[in-house]
Amino acid sequence: MNIIAYPIGDSLYLNLTNRCTNACTFCVRTTTDGGMGYDLWIDKEPTVAQMVADIKAKGVENYKELVLCGYGEPTERFDDMLAVVREIKAYCPVKVRLNTNGHANLIAGESVTHKMEGLIDIVSISLNAPDARKYNEICKCQFGEDGFYGMIEFAKEAKSYVPRVIFSVVDVMDKEDIEACRRIAEEAGIEFRVREFITD
Ligand code: SF4
């Protein structure tokens with residue numbers, strides 16, 4: 001049976017899709033059966049109504065936050081994702097965090113960052129590499145090196161519509177690259193976080 005909403009600690013995570021614009025070498029989709037002990041592969045993507053129903057059934061009002069996370073890239077279903085959040089925000093005042101590769105604009109073929117206003121409270125964007133060439137080596141992006149530039153642009157735009165925007169890197173990267181990523185974040189005026197591999 002497909003897992004739609006599932007708890008990790010005091011957060012409730014939403015599993016929208018297997019699809020992703022990247023094929024990162026470290027991705028849990030290719031290195032394991034799932035994340036944090038869950039088998040998250042989806043046979044059929046849940047509808048907006050199914051996601052809303054499951055989030056409510058899991059008692060979202062008792063969690064610190066709702067995290068839009070995967071199993072693939074949640075913005076592959078950007079409008080469905082926001083439709084779910086709109087209904088959940090009308091139901092209870094839970095904080096909503098989006099964990100993303102930052103490709104929403106590239107996927108849509110236009111800028112869609114403004115649609116997050118009033119719905120997404122935190123957006124955490126995987127920076128993954130300090131330049132476009134390395135990014136594409138690690139992430140094997142379907143947009144090629146444009147995936148890196150599109151992700152940076154998405155992050156800068158998101159600052160106008162989302163209260164908290166974070167660039168994150170995983171702690172398995174080499175230290176020089178982590179420091180170079182930190183400088184990119186500082187220059188863009190975006191909060192920077194080094195996160196533990198496979199935690200979210
Ligand atoms: S962006 Fe995330 S979901 Fe997509 S391949 Fe990379 S780690 Fe996996």
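Note that the structure is predicted; figures quoted are calculated from it, not measured. For ligands, and for the atoms within them, numbers begin at 1 and follow the listed sequence.
- Remark: ligand 1 atoms within the under-4.0 Å shell around heavy atoms of Cys20 are 1 (S), 3 (S), 4 (Fe), 5 (S).
- For atom 6 (Fe) of ligand 1, the N/O/S atoms of Cys27 include none lying under 2.8 Å.
- A salt bridge does not link Glu61 with Lys56: none of the charged nitrogens is closer than 4.0 Å to a carboxylate oxygen.
- Seen from the ring of Tyr6, Lys58 does not count as a face-on cation partner, given the 6.0 Å and 45° thresholds.
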Worked verdict on Tyr71 versus Leu16 for side-chain contact (heavy atoms from CB on, under 4.5 Å): CA-CA 7 Å; Tyr71 185 31; Leu16 292 102; over 6 Å; no

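- By the criterion of side-chain heavy atoms lying less than 4.5 angstrom apart, applied directly or through intervening Ile, Leu, Val, Met, Phe, Trp or Tyr residues, Ile138 is grouped together with Tyr135 in one hydrophobic cluster.
- In this structure, Ser126 does not count as a contact residue of ligand 1, since none of its heavy atoms falls inside 4.0 Å of the ligand.
- Close approach to Gly72 involves these atoms of ligand 1, each under 4.0 Å from a residue heavy atom: 3 (S).
- Salt bridge annotation for Lys156-Glu153: absent, with no cationic side-chain nitrogen under 4.0 angstrom from a carboxylate oxygen.
- In terms of protein heavy-atom proximity, atom 6 (Fe) of ligand 1 is closest to Cys24 SG, 2.3 Å.
- Here is the list of ligand 1 atoms found below 4.0 Å of a heavy atom in Asn101: 1 (S).
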